[in-house]
Asks: 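My structure is below; once you've seen it, I'll send some questions.
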Protein chains: 2
Amino acid sequence: MQRDKPNRDRAQHDRTQREKVQEPLARSRRPSAIEVARLAGVSQSAVSRAFTPGASISPATRAKVMSAAEQIGYMPNAIARSMITRRTNIIGVVLGNLEYQFYQQALRVLSLRLQEAGRQVLLFTVPPGGDLDALLPQVLQYQVDGVIIGAATLSSDMAAECERRGTPVVLFNRTVPGVPAHSVTSDNYGGARLVATLLVRAGHRRFGFIAGHRDTSTGINRERGFYEGLAALGIDTAAQVVRMEANYSYEGARQAVLSLLAEGPRPDAIFGANDMMAMGAIDAAREAGLRVPDDLSVIGFDDTPQSAWTAYALTTLRQPIEELVEASVDLILGLHDQPSNRRTIVEVPVLFVERGSARLPRPEEAVAITGGQRSDTVPEPAAKPARKTERRRSRGRKVA
Amino acid sequence: MQRDKPNRDRAQHDRTQREKVQEPLARSRRPSAIEVARLAGVSQSAVSRAFTPGASISPATRAKVMSAAEQIGYMPNAIARSMITRRTNIIGVVLGNLEYQFYQQALRVLSLRLQEAGRQVLLFTVPPGGDLDALLPQVLQYQVDGVIIGAATLSSDMAAECERRGTPVVLFNRTVPGVPAHSVTSDNYGGARLVATLLVRAGHRRFGFIAGHRDTSTGINRERGFYEGLAALGIDTAAQVVRMEANYSYEGARQAVLSLLAEGPRPDAIFGANDMMAMGAIDAAREAGLRVPDDLSVIGFDDTPQSAWTAYALTTLRQPIEELVEASVDLILGLHDQPSNRRTIVEVPVLFVERGSARLPRPEEAVAITGGQRSDTVPEPAAKPARKTERRRSRGRKVA
DNA sequence: ATGAAAGCGCTAACAA
DNA sequence: TTGTTAGCGCTTTCAT
């Protein structure tokens, strides 16, 4: 392309190359406001005003502009606009774990809600084994108006960097102590503790707990809640609880429970730190010839769509995705009434969903245990065939 | 804000509002290249060059710039850069149906691959009952370098509009006749036809087919493939096939099959247009007291993670998500070797995954049916406990 | 190898 | 209400 050849040769050359080389996606110029202005016989700022909702412009002028715009297919350039308004209307969403149902659902709702609020989602995925801190500069380069992070731990350095640049950060479904960022979680501790209480009251005495990772705040709190709930009712957790770890996966949990059942004296209840692991536990139990819940109670956490399927009818704690998302969006858009320099922590209660996979105390008794809070007004997600007799909310709180 | 008040009042008013009203997220100015230049004692263009890989700049200058940049936390503004380079490196990804496993997985892989290619994903979700054509102008305003569409039907008007603006479009997992856009699908027709062949050869004579929507190219081709495959082997599809429709949902399929089994003479095989519906069929069959596959064979389409779970062990056709995504990304980045003004259609073969939910012909016979193509070299997805004895590829083709 | 200058397409402040 | 003007932060000629 550098050489100066006769014109005919050059043309020939270009046409040949075009077939193979990756080129800057040859684009026919997009019309600009100036061209519209010329065609409509107005100034370029008039064009800008025509496309700005509250702007001071006469209907006549706006009409002229709009018709000219339509004629040549003009559409304002959101990128150029953002340069001067200093808002891109883009929210960065950073997720790892996109293979987990919970985050997939969360992303779906997040995208919907942010779009409703007139914002766009710039999606980043932390690759397996990848580093969040390495990704964040990329998202900042795109001048996002805020970042919602639902991925592995954020270093406080990186959070401080965002802070300094004035980009608000919301941690979704996790808390990181000492990091200057807002945070939205569900009441993992309270929910898990409720499970412990209900299981003990129903007469279970030997427990299995399937942990995910040790290093997620979510997992840690569920584990603490469960163990502390058991201990509070006199269970010797060292002797009566077997801890397994399964990386939040169905297959890991299935294998773990399979060997647990093959070995020692079997537990009469298993609590999985998420639904996928609980379902793995159910399948393992059945493969081992046990009936659920007659021989073994199984409870999960999340309430993914599959847990309602009749093959499992999983009793579980529902993470209120809609509420988590709503809180996150409000926070990131600055719609909260906290002074913006304060760190806000929102904790949303979870909902106990009783289906068929666990023996539980009689309803009256259970209600007494949980303080009598019932919430039958909470709407059910669409498809939910399994019987479901009772729901209770964990306490859930909202801290400033 | 329109009224002209004395200055003091205005100021007062503004300060009060700031606490409650959504405001432009007060941001401490982000450092610009000019500031770096001043600090480093070089010109602003030098700063630009320092951050441009192949640029002509001395190591000494670059070092000075870098250290100054680090000092004040400078990071190039990708938005501003894109104004002049005319590439945002952003790919718009438009999806509906984000409640379906298949699209969730697809999005996960898409995001990963595009990031690897140095691109960002701007995600758009078509809201339930929403309109794709209404969404597309939004994505174009952000000057995306290309759009990958895995949502409802695209009007040819809208596609032409993209074409005119020089924004390449790839239809993901769908084809729309007469629309000037690239398209990537799996061999839905061939896969479904293979299912029909195998079921008939194994002796099944009464069939159920669970369709999703009537208006997706994917669904249409699966239905055509299945019916034509049956007809080709002498099945009277009018008399021996019951068609149900379940909107691709577990619960819809479960209900449909439940009433099917309650009513007439029962089928001996059911083919679901996706896995979720097939799993709904399995649960319905079991609720009705039937054994799968002894009393009823069930086959699905997609190979979602759940189909490997032992409770279902679903025999199904795997959509090769990785390949679909790879083809889409290549196309959208212009890495294909077709002339860019030609419409490219890629069709990827699907893989028959035999688990335990269907009675099938003996392997030798089956191989004969499918032309003997085996592909045991194809890697398995991570967790796949269920037995699985045989795999065959649909024919799959690649058309220019 | 470097700096000066000209914009990319737009909004916002200012005059008229 | 309208047009004129000055940038937003950057890349890219064009001189030097």
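Labels below follow one simple rule: chain letters A, B, ... track the order of the sequence lines, proteins then strands, and each chain is numbered from 1.
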Asks: CG of B:N89 versus P of D:dT11: gap in Å, rounded?
Replies: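 Going from CG in B:N89 over to P in D:dT11 covers 12 Å.
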Asks: Return the nearest nucleotide to the side chain of B:R49; candidates are D:dC10, D:dT13, D:dG3.
Replies: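 Of the options given, the side chain of B:R49 lies nearest D:dT13.
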Asks: In this structure, how many angstroms lie between the C1' atom of D:dG9 and the OH atom of A:Y142, rounded?
Replies: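 In whole Å, D:dG9 C1' and A:Y142 OH are 15 Å from each other.
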Asks: What nucleotide among D:dG9, D:dT2, D:dT12 has an atom nearest to a side-chain atom of A:I57?
Replies: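 Looking only at side-chain atoms, A:I57 lies closest to D:dT2.
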Asks: Please work out if B:Y74 contacts a base, only the sugar-phosphate, or nothing of the nucleic acid, heavy-atom cut-off 4.0 Å.
Replies: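 Touches sugar-phosphate only.
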Asks: In whole angstrom, what separates B:F51's CZ from D:dG9's P?
Replies: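 Between P of D:dG9 and CZ of B:F51: 15 Å.
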Asks: Taking CZ from B:R30 and P from D:dC10, how many angstroms apart are they, rounded to a whole number?
Replies: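 One finds 11 Å between P of D:dC10 and CZ of B:R30, rounded.
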Asks: Output the rounded distance in Å from CD1 (B:I84) to C1' (D:dG7).
Replies: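 Rounding to the nearest Å, CD1 of B:I84 and C1' of D:dG7 are 16 Å apart.
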Asks: Judged by each residue's nearest nucleotide on DNA chain C, which is more toward the 5′ side, A:P76 or B:Q44?
Replies: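 Closest to the 5' end, via its nearest nucleotide, is B:Q44.
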Asks: Using chain B heavy atoms and a threshold of under 4.0 Å, write down where along DNA chain C the contacts begin and end, 5' to 3'.
Replies: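 Boundary nucleotides touching chain B, in 5' to 3' order, are C:dA1 to C:dG9.
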Asks: Determine, stepwise, if the pair B:E35 / B:R38 fulfils salt bridge (Lys or Arg N to Asp or Glu O under 4.0 Å).
Replies: CA-CA 5 Å; B:E35 289 149 58; B:R38 267 200 281 269; 5.6 Å; no
Asks: Expressed as a whole number of angstroms, how long is the span from A:M83:CE to D:dT11:P?
Replies: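 Spelled out: CE on A:M83 to P on D:dT11 is 11 Å.
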Asks: When you measure from the side-chain N and O atoms of B:S32 to the phosphate of D:dG9, is any distance below 4.0 Å, counting only OP1 and OP2?
Replies: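 Result: no.
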Asks: Rounded to whole Å, how long is the line connecting atom CZ of B:R86 with atom P of D:dC10?
Replies: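 Taking CZ of B:R86 and P of D:dC10, I get 18 Å after rounding.
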Asks: Under 4.0 Å between a side-chain nitrogen and a carboxylate oxygen: does that hold for B:R113 and B:E116?
Replies: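 Here B:R113 pairs with B:E116 in a salt bridge, since their nearest N and O are under 4.0 Å apart.
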Asks: Taking DNA chain C as the partner, which of residues 58-69 of chain B come within under 4.0 angstrom of it by heavy atom?
Replies: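 Those residues whose heavy atoms fall under 4.0 Å from DNA chain C, taken from residues 58-69 of chain B in numerical order, are B:S58, B:T61.
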Asks: Say whether, by atom type as modelled, one donor and one acceptor occur between the side chain of A:N89 and the main chain of A:R119 under 3.5 angstrom.
Replies: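 No; judged by distance alone, with no hydrogens or angles, the pair does not exist.
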